[in-house]
Amino acid sequence: MKVAIVGFGFNAEKSHVPAYRNRSDIDLTAVVDPVTARRAAALRQYPNIRVYEKFGDLLEEYSDEIDIVDICLPNTFHLESVKQALGADKHVLCEKPLVLNKNEYHELVHIADERKRVLYPCHNYKFAPSIVHAAYLINEGKIGQPLFASFNIFGGGFQGTLPQNKRQSENNPELFGGGIMIDHGLDAISVAQTLFGGSPQQISAHIRNLNETDNQLEDLAVFSLDWEEKLINITVSSLGSMPKSYYRIQGTEGEISIENNDIFLSVKNQPVEQIFIPTNFDDPGHANWFNGLIDNLVDCINTKNTKPFPLMEAGLVLDIIEKANHSNHNGGAWMGI
Ligand SMILES: NC(=O)c1ccc[n+]([C@@H]2O[C@H](COP(=O)([O-])OP(=O)(O)OC[C@H]3O[C@@H](n4cnc5c(N)ncnc54)[C@H](O)[C@@H]3O)[C@@H](O)[C@H]2O)c1
């Protein structure tokens with residue numbers, strides 16, 4: 001399948017391109033970016049691709065050579081560019097968050113449905129190898145009935161690829177379109193969904209912009225979810241200087257703890273088992289998570305599945321974030337979802 005990347009910044013170069021490079025079923029044929037240096041960076045790696053300053057020009061001149069449009073733009077440009085791509089009857093892979101509110105979400109789901117095209121949000125934490133393995137252990141009943149989970153996702157430490165050596169979207173509230181909840185809050189909810197299935201019934205949240213000197217974005221959220229008989233405590237922060245994630249899941253028979261590339265499985269009355277699963281939560285590119293995601297995207301396209309799971313999940317995430325904001329404005333009161 002032939003892919004065009006729209007927005008050749010940090011994420012396109014560090015995550016998507018390495019995944020495409022290792023696959024024989026995906027050809028990168030075009031890149032769109034208004035910044036000359038970014039088009040040059042794409043051409044250095046793929047001398048034979050077409051490059052365009054504007055997405056409209058690519059669709060006008062080269063549409064027949066594209067099956068999938070891969071949107072890696074700053075968040076606030078997702079809505080319009082996804083509409084453009086679906087309008088040209090392309091399948092769409094779109095970086096997260098797909099969009100910023102439920103109205104935009106329903107509009108896109110409707111267009112994808114009408115056009116019979118796959119719209120696939122990049123919820124890549126679902127495909128992080130140690131999360132996939134932990135889900136397997138839980139499903140196998142290794143820790144019995146899960147009761148409690150604690151997730152800590154700390155972002156930071158990006159090495160931008162843009163000329164000014166800084167991701168455009170990272171520190172710009174207008175381009176980012178929201179704070180930590182639409183960034184790592186989304187990831188944490190997606191991990192909970194992957195591990196436990198189902199959905200939460202209520203949320204209590206505290207969301208803050210503690211480091212007011214760097215930007216106007218909320219940089220810390222601490223929230224709890226009542227999730228079908230389980231309590232999940234989540235802390236997501238972009239205050240630090242390097243990315244790190246820790247996950248702990250406790251059940252009736254034991255506990256799973258994930259620390260970067262190791263899973264510790266501790267079952268009552270048995271020695272702790274340490275399982276090495278290269279996941280590299282400390283690499284902001286997360287390049288090795290994308291292969292599973294692309295497998296699933298290709299499968300959805302081949303089977304004409306226009307309701308890929310991450311698209312459904314994107315709607316759930318927006319619901320939860322809306323209720324998190326209500327809770328925060330009400331001093332952390334529990335809000336039904
Ligand atoms: N899945 C993940 O783990 C992950 C990680 C980082 C970023 N992201 C997401 O990826 C997206 C991009 O983030 P990034 O860090 O790569 O940002 P970035 O600022 O590094 O890159 C954005 C690129 O888009 C280009 N651009 C801007 N306007 C454009 C337009 N109208 N047409 C074409 N190109 C345009 C910019 O020149 C830049 O090259 C965001 O939605 C972000 O949330 C996801």
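First listed ligand is number 1; within each ligand, the first listed atom is number 1.
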**Q.** Steps toward side-chain hydrogen bond (donor to acceptor under 3.5 Å, both in side chains) verdict (Asp113, His110)
**A.** CA-CA 5 Å; Asp113 207 38; His110 176 72; 5.9 Å; no
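For ligand 1, the polar-atom distance check finds an N/O of Asn124 within less than 3.5 Å of one of the ligand's N/O atoms. Of the polar atoms of Arg38, none of the N or O atoms is found under 3.5 Å from an N or O of ligand 1, judged by distance alone. Note: no N/O pair closer than 3.5 Å links Val35 and ligand 1 by distance alone.
Heavy-atom proximity to atom 42 (C) of ligand 1, evaluated over Asn11, Thr36, Asn75, is greatest for Asn75. The closest non-hydrogen atom to atom 22 (C) of ligand 1, taken over Ala12, Pro74, Ala41, comes from Pro74.
Applying the salt bridge (Lys or Arg N to Asp or Glu O under 4.0 Å) test to every pair with at least one member in residues 134-152, sequence neighbours left out, gives no pairs at all.
Atom numbering of ligand 1 starts at 1 in the shown order; those under 4.0 Å from a heavy atom of Phe8 are 39 (O). Listed by atom number, the atoms of ligand 1 under 4.0 Å from Val32 heavy atoms are 33 (C), 34 (N). Here is the list of ligand 1 atoms found below 4.0 Å of a heavy atom in His286: 3 (O). Proximity to Leu73 (heavy-atom distance under 4.0 Å) selects the following atoms of ligand 1: 11 (C), 12 (C), 24 (O), 26 (N), 29 (C), 30 (C), 32 (N), 33 (C), 34 (N), 35 (C), 40 (C), 41 (O). Annotation for ligand 1: atoms under 4.0 Å from non-hydrogen atoms of Phe77 are 28 (N). Atoms of ligand 1 lying under 4.0 Å from at least one heavy atom of His78, given by number and element, are 41 (O).
In this structure, CG in Asn291 is found 9.5 Å from CD1 in Ile26, a value given to the nearest 0.5 Å.
Partners of Asn22 according to the side chain to side chain contact (heavy atoms under 4.5 Å, CB included) rule, which considers only residues two or more places apart in sequence or in another chain, do not exist here.
There is no side-chain donor-acceptor pair under 3.5 Å between Asp299 and Asn305.
Salt bridge annotation for Arg23-Asp295: present, with a cationic side-chain nitrogen under 4.0 angstrom from a carboxylate oxygen.
Heavy-atom neighbours of Glu65 CD from other residues, nucleotides or ligands within 6.0 Å: above the threshold of 12.
Ring centers of Tyr46 and Phe8: at least 6.0 Å apart, outside the cut-off.
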